[in-house]
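Just below is one structure, and these are the notes that go with it.
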Protein chains: 2
Amino acid sequence: MTATARTVPADSASADSSRADAASADSARISLAVSTVIFALRADADATAASLRLPLVRRIREPFKGRWALPGGPIEAAESLSAAAGRNLVETTGLRPTYLEQLYAFGDVDRSPGDRVVSIVYWALVRSEEADLAAEGDNVRWFPADDLPDLAFDHNTIVDYALWRLRTKMEYSRIAHAFLGETFTLSELREVHEAVLRRPIDPANFRRQMEGSKAIIATDQLLTGGRHRPPRLYRYNASVELTDNGPLTSS
Amino acid sequence: MTATARTVPADSASADSSRADAASADSARISLAVSTVIFALRADADATAASLRLPLVRRIREPFKGRWALPGGPIEAAESLSAAAGRNLVETTGLRPTYLEQLYAFGDVDRSPGDRVVSIVYWALVRSEEADLAAEGDNVRWFPADDLPDLAFDHNTIVDYALWRLRTKMEYSRIAHAFLGETFTLSELREVHEAVLRRPIDPANFRRQMEGSKAIIATDQLLTGGRHRPPRLYRYNASVELTDNGPLTSS
DNA sequence: CCAAAAGTGTTGAATTTACACCCATGA
DNA sequence: TCATGGGTGTAAATTCAACACTTTTGG
């Protein structure tokens, strides 16, 4: 906060910066991994409403042997960070996400007992049908996002942050579509918002908001079968970006 | 997008995840670095208005020898990512930031010719007085943020993204204070917003907005010396968080 | 006095929010 | 027919945006 003497001249500066893109002895000792927080909306036990859930894997080695942890793994030399996250997610849980975004790089010195690990963490959204197909076994299990056990490493903190990002982004972005199929009713879309944000939303106002945003396009199909007026099916408007990540649309 | 067969069972999953926090042969070949995009508001050439500027360092080695690049360097084994960014920033430019936040991890396979480098990039804000003291030499120079030369690596992309984050965050956060001193007038605060967002702001509405937000506290001092009515000095309200980073306030 | 920026008031537009009410279907 | 959600209308409340006007200093 308070300014003190600075004595490093410009020349030593550029010497340092030249090392920036070559591994030093120090950074070689730091290992790099990728992990992913995966969210899906799944029916509650009482099946009355959907709730946010995420899959965790059980650790079979020390440290934290037996504890639940985020799925993750190493980064291969020939793949980008997002590719590593996507590949690892399929390998560990069998899930294919409809949305994948980098969350944060966690690198505190003591976050992994014994060695030094920097984890690039991604977060992903998968559709409900996709989540239903996912294998669940002794070593992979779905947990309610708001009520997790004590996880390995700093993974509770990571999930908290991912949850915050999801909820924040839900309010100004269109990621809700990532939970749904090709076409959907406005009720389904609204229920996604309600489940994530954990508060009721006025259907009338929600409809106008969505229609005004140009994010969705009405199809000419209605969904029959319910014992009420058949709702119109909508489609995601592909000409509008899903989320605004600024100049970072590609990787 | 379309679902295909998934055959990986849960058991191989947890085997993978157990490697997540130990270095594999692959990830050991990836080197890790930290870089920082540093912003300051500095007087224009004609001194009529302030504009966003950032310091770059000249590379003295291949690849990209002679090109301008973001200050950066390796991460030491015993320091956190933010500590590495802060230390490196002082070493290369002599600047002490009032604000430092992680921006993004860049890790495309081909971003550094020859070797594989993952860069954890931070962005920082420094006060104008601080920026004025910074040494400028052959190998460190300030550039207008909106008009940069071709930089080394993917650094143009990185700066674009940092600029977008700064401008986005300026609209819903209180980071403007990070450019100013302990006390400031509402005009000074408004001029920060105008310089960053590159558009004029109505002084009357801006005043009400700020006063209503509880982000600033009026002191009992006025700033005399101008040839007009002396403006009141304000102070940043420390009981309100500078920015909302969710559960990530510490590291 | 005048110029210039500080600070206050006011008004209309746009947006948000709450809620009444009609519509179309299955049972 | 009734129950149920689909869908439209509307009005109050709040926020936003533009700009007129008064205040206080230095020159």
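We name chains A, B, ... by the order of the sequence lines, and we start the count at 1 in each one. Note that this is a predicted model, so its numbers are computed, not measured.
- Distances from the side chain of B/Arg207 to the nucleotides C/dG7, D/dG9, C/dA24 place C/dG7 closest.
- Nearest approach of B/Ala40 to B/Ala131, heavy atoms of both residues: CB-CB, 3.7 Å.
- Distance CD (B/Gln221) to C1' (C/dA6): 17 Å, rounded to an integer number of Å.
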| B/Phe184 and B/His177: side-chain contact (heavy atoms from CB on, under 4.5 Å), yes or no, with the steps? | CA-CA 9 Å; B/Phe184 47 85; B/His177 300 276; 3.3 Å; yes
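- Taken from CZ in A/Arg190 to CG in A/Leu186, the straight-line distance is 8.5 Å, to the nearest 0.5 Å.
- Remark: C1' of C/dC19 and CZ of A/Phe206 are 19 Å apart, rounded to the nearest angstrom.
- We find that CD1 of B/Ile201 is positioned 14 Å from C1' of D/dC16, with the value rounded to whole Å.
- Heavy-atom distances to DNA chain C give each of A/Gly225 and A/Asp202 a nearest nucleotide, and the one nearer the 5′ end belongs to A/Asp202.
- Residue-to-nucleotide contacts include a donor-acceptor pair under 3.5 Å from the side chain of A/Arg208 to the base of D/dG9.
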| Do A/Arg167 and A/Asp146 pass the salt bridge (charged side-chain N to carboxylate O under 4.0 Å, His left out) test, and can you show the C-alpha distance, the side-chain angles, and the key distance before you say yes or no? | CA-CA 12 Å; A/Arg167 291 186 167 130; A/Asp146 283 315; 3.3 Å; yes
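- Regarding B/Leu222, its CG atom lies at a distance of 8 Å from the P atom of D/dT25, rounded to whole Å.
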| Would B/Tyr104 and A/Leu81 satisfy side-chain contact (heavy atoms from CB on, under 4.5 Å), going step by step from the backbone distance to the final call? | CA-CA 11 Å; B/Tyr104 200 77; A/Leu81 300 179; over 6 Å; no
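- Taking the C1' atoms of five terminal pairs at each end of the helix from C/dC1-D/dG27 to C/dA27-D/dT1, the two resulting helix axes are inclined by 10°, rounded to 10°.
- For A/Arg227 and B/Arg229, each mapped to the nucleotide of DNA chain C holding its nearest heavy atom, the one lying further toward the 5' end belongs to B/Arg229.
- With rounding to the nearest 0.5 angstrom, the CE atom of A/Met210 is 12.5 Å from the CG atom of A/Asn237.
- Counting to the nearest Å, the P atom of D/dA18 and the CZ atom of B/Arg199 are 10 Å from each other.
- For the segment residues 209-217 of chain B, the set of residues with a heavy atom within less than 4.0 Å of an atom of DNA chain C is empty.
- Atom-to-atom, CG of A/Leu223 to P of C/dA24 comes out at 17 Å; the value is rounded to the nearest Å.
- Shown here is A/Glu171, whose CD atom has more than 12 heavy atoms of other residues, nucleotides or ligands within 6.0 Å.
- With hydrogens and angles ignored, the 3.5 Å screen pairs a side-chain donor or acceptor of A/Glu130 with a backbone N or O of A/Arg96.
- As a whole-Å value, the separation of A/Leu233 CG from D/dG7 C1' is 15 Å.
- Between atom CG of residue B/Leu148 and atom CZ of residue B/Arg53 there is a gap of 10.5 Å, rounded to the nearest 0.5 Å.
- Across all strands shown, B/Ser187 has heavy atoms under 4.0 Å from sugar-phosphate atoms exclusively, and none from any base.
- In terms of position along DNA chain D, the nucleotide closest to A/Pro231 lies nearer the 5' end than the nucleotide closest to the other residue of the pair A/Asn205 and A/Pro231.
- We find that CZ of A/Arg190 is positioned 12 Å from C1' of D/dG7, with the value rounded to whole Å.
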